[in-house]
Amino acid sequence: MNATKNETTKKIQSHRSVRRYKPDAIPSDVLEDIFNCGIRSSTSGNMQSWSVILTEDPENKNHLYKLHWQQEMILQAPIVLTFCSDMHKMRRWVQQGQSRQSFDDFLGFMTGAIDAIIAAQSMAVAAESHGLGICYMGSTLWEADKISKALKLPEHVVPVTSMVMGYPNEEPEKRDRMGLSAMVHREAYTTWTDTDIESLFEEKAKATWERFQSWDNFDHLVKKYGIRNSTDYYTCDGKYSKALHQRVSEMYIQLLETKKMFL
Ligand SMILES: Cc1cc2nc3c(=O)[nH]c(=O)nc-3n(C[C@H](O)[C@H](O)[C@H](O)COP(=O)(O)O)c2cc1C
């Protein structure tokens with residue numbers, strides 16, 4: 001697999017998440033071009049069962065900043081985009097047509113969620129092609145109930161991801177990735193031995209540890225969470241702990257019920 005790179009693939013492969021931004025606004029024609037890339041994305045059944053909330057008002061951004069675990073980039077970047085699985089429009093249309101409802105279930109939610117993620121990534125690539133930077137925010141899921149309330153999401157609409165977007169005020173290093181051998185299976189999934197797993201994650205383990213060690217509060221975190229290695233770091237209470245996963249899983253299932261995704 002040695003495809004010749006073109007301008008688009010070079011751009012995609014030079015992606016870095018940007019977490020420091022200039023205050024400069026994104027020109028409205030540029031933003032419209034980016035939104036149109038989201039809209040042209042593939043979408044299940046051409047139903048476009050997703051939506052995006054644009055937040056640029058400083059007060060609203062400040063509110064989202066608090067909900068998203070005070071990630072500074074929200075205050076710096078001129079806009080925050082929250083992408084939602086949105087069966088609301090489709091379900092209303094089906095209702096108006098007095099047709100049988102088909103989208104009031106887990107498959108309906110997933111269909112909208114996949115559409116939303118595909119549109120988000122098209123917009124991320126479009127933004128980067130305009131010289132903008134982006135960073136996704138996992139805190140969208142962690143606080144999905146509060147974010148839904150802040151954005152006044154109606155029934156059958158739930159947030160699945162968000163990103164900040166703006167002109168970069170940093171040039172981050174490219175982060176490590178596992179390569180083709182870790183990600184691509186030919187014809188059927190090849191299972192891994194323990195040694196395979198160790199070697200697949202070797203570079204990531206080293207890069208994660210080096211990055212972690214460079215932080216000012218490294219010693220403090222190591223002591224506080226008893227971290228011995230990269231995997232300890234990934235699952236410690238300060239990162240992706242079991243407690244976080246349990247709380248968010250329960251809250252999100254409850255949110256799907258509250259928003260009547262399954263009714
Ligand atoms: C769904 C998703 C959620 C993410 N959430 C956050 C986040 O809350 N805060 C953050 O700083 N970066 C977040 N990121 C960015 C990842 O940390 C980043 O993509 C990863 O470390 C690889 O770095 P790179 O994008 O610079 O290559 C998120 C990325 C994804 C895809």
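Since the structure is predicted, the reported quantities are computational estimates derived from the model, not experimental observations. As the structure lists them, so they are numbered: ligands from 1, and atoms in each ligand from 1.
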Heteroatom distance test ([X], ligand 1): nitrogen or oxygen, under 3.5 angstrom:
| X | result |
| --- | --- |
| Cys135 | no |
| Gln71 | yes |
| Arg177 | yes |

- Query: What closest approach, in Å, do Met90 and Met47 show between heavy atoms, and which atom pair accounts for it?
  - Reply: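 Minimum heavy-atom contact is CE-SD, 3.6 Å.
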
- Nearest protein heavy-atom contact for atom 3 (C) of ligand 1: which residue, which atom, what distance?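 Ranked first by proximity to atom 3 (C) of ligand 1 is Gly138 N, 3.3 Å.
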
- For atom 2 (C) of ligand 1, closest protein heavy-atom neighbour: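 The closest one turns out to be Tyr136 CB, 3.6 Å.
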
- Which atoms of ligand 1 are found less than 4.0 Å from any heavy atom of Arg16?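 Contacts of ligand 1 toward Arg16, numbered from 1: 26 (O).
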
Is there a donor-acceptor contact under 3.5 Å linking the side chains of [X] and [Y]?
| X | Y | result |
| --- | --- | --- |
| Glu128 | His15 | yes |
| Thr208 | Ser230 | no |
| Asp196 | Thr193 | yes |
| Asp86 | His156 | no |
| Tyr252 | Glu257 | no |

- Any non-hydrogen atom of His68 lying under 4.0 Å from ligand 1?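 Contact absent.
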
- Message: Looking at ligand 1, is there an atom of it that comes within less than 4.0 Å of some heavy atom belonging to Lys174?
- Response: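 In this structure, Lys174 fails to qualify as a contact of ligand 1 - no heavy atom is under 4.0 Å.
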
- Query: Any idea which of Arg175, Met163, Arg19, Met73 brings a heavy atom closest to atom 15 (C) of ligand 1?
  - Reply: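 Heavy atom nearest to atom 15 (C) of ligand 1 belongs to Arg19.
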
- Between the candidates Gly133, Ser17, Pro172, Ser162, which shows the shortest non-hydrogen contact distance to atom 25 (O) of ligand 1?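 Heavy atom nearest to atom 25 (O) of ligand 1 belongs to Ser17.
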
- Is the count of non-hydrogen atoms from other residues, nucleotides or ligands lying under 6.0 Å from Arg20 atom CZ greater than 12?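 Not more than 12 within 6.0 Å, no.
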
